[in-house]
Protein chains: 2
Amino acid sequence: MTEGNTPMHRVVYKTIRKNIEENVYPGDSLLPSENEMCALFEVTRPTIRQALTRLENDGFIKRYQGKGSIVQKVHHRLGILSIKGVSQVLGTQGSLTTQIIKKPVVEPWPDDFMFDLTPEEKSYGCISMKRLRLINGKPIIFDIVHLVNIDIPRFCQKKYEKRSLFSTLKNDYNIDVINGEQNIRAINATKEIAKHLKVPERQAILHLEGAHYTSKNLRVFSEAFCSTDRFYLHGSF
Amino acid sequence: MTEGNTPMHRVVYKTIRKNIEENVYPGDSLLPSENEMCALFEVTRPTIRQALTRLENDGFIKRYQGKGSIVQKVHHRLGILSIKGVSQVLGTQGSLTTQIIKKPVVEPWPDDFMFDLTPEEKSYGCISMKRLRLINGKPIIFDIVHLVNIDIPRFCQKKYEKRSLFSTLKNDYNIDVINGEQNIRAINATKEIAKHLKVPERQAILHLEGAHYTSKNLRVFSEAFCSTDRFYLHGSF
DNA sequence: ATATATAACTTGTATATACAAGTTATATAT
DNA sequence: ATATATAACTTGTATATACAAGTTATATAT
């Protein structure tokens with residue numbers, strides 16, 4: 001009924017999602033039918049359907065009565081929003097690359113941190129790093145990450161140019177993001193932000209403050225500044 | 001098993017949601033238990049649970065094992081995001097009021113409309129109106145609505161200062177929003193936008209282009225400009 | 001080769017039933 | 001009045017079963 005302590009509907013959800021993210025089930029393909037998955041996972045249809053409902057809700061698949069479940073193309077995401085090109089000529093928005101502006105380093109929290117911290121979190125201190133994300137060589141996001149310094153071994157020594165921070169946490173440390181929140185504003189670019197994003201100073205920039213809640217005693221905070229002249233954020237509901 | 005043509009899990013979802021929105025179940029209160037609702041709606045637990053799962057997913061309730069389902073306070077929403085004050089001293093963000101800048105009027109589509117239109121939609125033309133939304137007298141959103149002119153009787157004669165456009169569609173015309181999408185950018189305020197929002201020209205403004213898909217052959221488009229110096233948009237995932 | 005009817009698949013909706021795990025109310029002992 | 005154990009509630013997880021409604025594959029007739 002469960003695998004270890006994980007309920008089967010969660011096991012099914014995670015497995016299918018992982019297969020989608022790793023292109024085992026590519027975008028636009030049909031997932032195995034519900035009956036096939038019952039055999040695969042050795043559970044019954046209501047359990048499979050619970051997992052599929054959540055996958056559909058999270059945007060990974062779309063279900064059609066009588067036809068099957070179609071895998072949706074994975075978009076680059078920023079919290080609840082995905083990044084989309086002003087011109088769709090890029091296909092899947094071109095390749096997203098990352099430059100590390102400031103490598104991960106242990107330091108005290110900034111004085112006026114954007115989210116309230118618990119006393120425990122304050123006492124741990126934080127690890128911070130700065131990244132620039134580019135699509136086709138054009139900088140579109142400048143972000144500053146802070147995570148609680150709960151003494152994750154060798155975290156600061158790892159390379160993040162080619163690996164997602166969150167997939168590193170998941171794969172190397174078995175730390176999963178459970179949920180999160182984002183605050184969104186528009187600000188005029190400061191000199192520093194303008195320099196990183198290669199836009200004129202005072203140009204309008206999206207400012208996103210996000211907090212991710214994980215399966216361990218670890219919150220990950222991100223402050224992202226996005227240039228939206230050639231790319232925008234997209235949400236559906 | 002269904003009510004008219006509506007499956008019971010949807011009837012349950014709509015009824016509970018309506019009761020929450022109309023304060024029959026106020027924020028922070030306990031919903032009736034699943035067993036009580038089975039009796040109320042004359043269905044079984046899986047059907048109730050399907051509706052509750054969706055209510056929780058949409059942010060209306062939060063469920064606690066062994067305890068019950070707590071109604072969440074309703075926030076003013078803009079698509080998938082809610083409006084939150086920079087200072088939470090406002091409680092539920094103060095009162096949101098609406099001024100109609102331009103009353104609903106039938107007119108041709110703008111030449112360079114933000115979303116692609118079908119030939120059918122183009123031939124119908126549109127109804128458009130402009131609104132200003134204020135919190136505690138401070139303008140925060142200037143929005144321009146276009147909806148396809150499918151000949152909704154007396155639509156242009158109705159008052160929208162005190163009524164939601166979407167609740168008017170739902171209650172007077174039985175037209176429900178099914179889903180939608182939003183594109184989000186930051187722009188520098190033009191002279192017109194600055195005037196409406198009472199901010200300096202060229203100040204950074206959130207620009208949201210939204211399309212709502214309804215139960216009838218009607219799409220509703222909204223172009224919103226948001227001042228985020230005292231309020232910001234919030235999303236959770 | 002083509003059209004049509006039907007079989008066989010798919011997802012959608014729903015009831016019935018059972019037990020696990022968490023919280024709250026109540027009974028009892030002191 | 002207080003502490004503790006237990007009963008009674010809640011939501012969480014899951015199997016079993018059946019039929020509805022939509023799509024696709026196949027069989028058959030021409």
Side-chain angles (χ1 to χ4, degrees), chain A residues 1-17 19-20 25 28-72 176 178-179 215, chain B residues 1-17 19-20 25-26 28-72 176 178-179 213 215:
Chain A
M1 275 6 157
T2 67
E3 198 167 273
N5 278 345
T6 311
M8 279 308 293
H9 72 84
R10 284 194 149 272
V11 172
V12 174
Y13 171 90
K14 284 180 164 184
T15 303
I16 297 174
R17 176 175 164 159
N19 283 339
I20 290 173
Y25 303 129
D28 291 329
S29 64
L30 269 176
L31 281 185
S33 70
E34 290 173 11
N35 284 339
E36 284 169 317
M37 293 195 203
C38 290
L40 225 68
F41 291 97
E42 295 183 327
V43 292
T44 54
R45 265 189 85 210
T47 303
I48 294 293
R49 287 182 60 75
Q50 191 173 343
L52 293 181
T53 295
R54 191 167 156 215
L55 283 162
E56 180 168 43
N57 200 65
D58 291 348
F60 290 98
I61 63 171
K62 198 170 177 62
R63 296 191 286 182
Y64 299 85
Q65 182 173 355
K67 187 186 184 77
S69 302
I70 310 285
V71 178
Q72 302 298 285
D176 288 304
I178 308 278
N179 54 31
S215 49
Chain B
M1 275 13 155
T2 67
E3 198 167 273
N5 277 344
T6 311
M8 279 309 293
H9 72 83
R10 282 191 150 274
V11 172
V12 174
Y13 170 90
K14 283 181 165 184
T15 304
I16 298 173
R17 177 177 165 161
N19 283 340
I20 289 173
Y25 303 129
D28 290 331
S29 65
L30 269 176
L31 281 184
S33 71
E34 290 175 9
N35 283 339
E36 284 170 314
M37 293 194 203
C38 289
L40 225 68
F41 291 97
E42 296 183 328
V43 292
T44 55
R45 265 189 85 211
T47 303
I48 294 293
R49 286 182 61 73
Q50 190 173 342
L52 293 181
T53 296
R54 190 165 157 213
L55 284 163
E56 178 167 45
N57 201 64
D58 291 348
F60 290 98
I61 63 171
K62 198 167 177 64
R63 296 190 287 184
Y64 299 85
Q65 184 173 352
K67 189 186 183 77
S69 302
I70 310 283
V71 178
Q72 303 296 287
D176 287 304
I178 308 278
N179 55 30
Y213 302 82
S215 49

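Predicted model, so just to flag it, every value in this text is computed and none were measured. In what follows, chains are A, B, ... by sequence order, proteins preceding strands, each numbered from 1. We use all heavy atoms of the structure for the numbers below, so side chains are in, but hydrogens, waters and symmetry mates are not.
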Would you check if the side chain of Q72(B) reaches a backbone N or O of I70(B) as a donor-acceptor pair within less than 3.5 Å?
yes
Start at the 5' end of DNA chain C and walk down; is the nucleotide closest to S69(A) or to P46(B) reached first?
S69(A)
In this structure, how many angstroms lie between the P atom of dG12(C) and the NZ atom of K62(A), rounded?
11 Å
Regarding the side chain of E36(B), the nearest nucleotide among dT10(D), dT10(C), dT24(C) is dT10(D)
Out of dG22(D), dT15(D), dT11(D), minimum distance to the side chain of R63(B) belongs to dT11(D)
Quick check: does any side chain N or O of T47(A) sit under 3.5 Å from a backbone N or O of V43(A), one acting as donor and the other as acceptor?
no
Report yes if at least one side-chain N or O of N35(A) is closer than 4.0 Å to OP1 or OP2 of dT10(C); otherwise report no.
yes
Check the distance between dG12(D)'s C1' and N5(A)'s CG and give it to me in whole angstrom.
14 Å
From CE of M8(B) across to P of dA20(D) the rounded distance in Å is 18 Å
Select base, sugar-phosphate, or nothing to describe what T44(A) touches, counting heavy atoms under 4.0 Å on all strands.
base
T47(B) vs dT15(C): side-chain N/O to OP1/OP2 distance below 4.0 Å:
yes
Among the candidates dA14(C), dT11(D), dA16(C), find the nucleotide nearest to the side-chain atoms of H9(B).
dA14(C)
Any strand: nucleotide that pairs with dA27(D) via Watson-Crick or wobble, under 3.5 Å:
dT4(C)
Establish, for the pair R54(B) and Y13(B), whether the NZ or CZ atom is under 6.0 angstrom from the six-membered ring centre and no further than 45 degrees off its axis.
yes
Nucleotide opposite dA21(D) in a Watson-Crick or G-U pair, distances under 3.5 Å
dT10(C)
Please report, rounded to the nearest Å, how far the P atom of dG12(C) is from the CD atom of Q50(B).
10 Å
Paired with dT15(D): which nucleotide, if any, by Watson-Crick or G-U wobble criteria at under 3.5 Å for both distances?
dA16(C)
Quick check: on DNA chain D, is the nucleotide nearest G68(B) upstream (toward 5') of the one nearest Q65(A), or the reverse? Name the residue that is more 5'.
G68(B)
Round to the nearest Å and state the distance from K67(A) atom NZ to dG12(C) atom P.
13 Å
Calculate the interatomic distance between R49(A) atom CZ and dT13(C) atom C1'; express it in whole Å.
8 Å
Shortest non-hydrogen contact between A51(B) and V12(B), atoms and distance:
CB-CG1, 3.6 Å
Donor-acceptor pair under 3.5 Å, R45(B) side chain vs dG12(D) base:
yes
Are the side chain of E42(A) and the backbone N or O of A39(A) linked by a donor-acceptor pair below 3.5 Å?
no
Between dT11(D) atom C1' and I61(B) atom CD1, what is the distance in whole Å?
11 Å
Atom pair distance, as rounded to whole Å: CE in M37(A) and P in dT11(C):
8 Å
Earlier contact from the 5' end, DNA chain D, for E42(A) and G66(A)
E42(A)
Under 3.5 Å, side chain of E56(B) to main-chain N/O of R63(B), donor-acceptor pair present?
yes
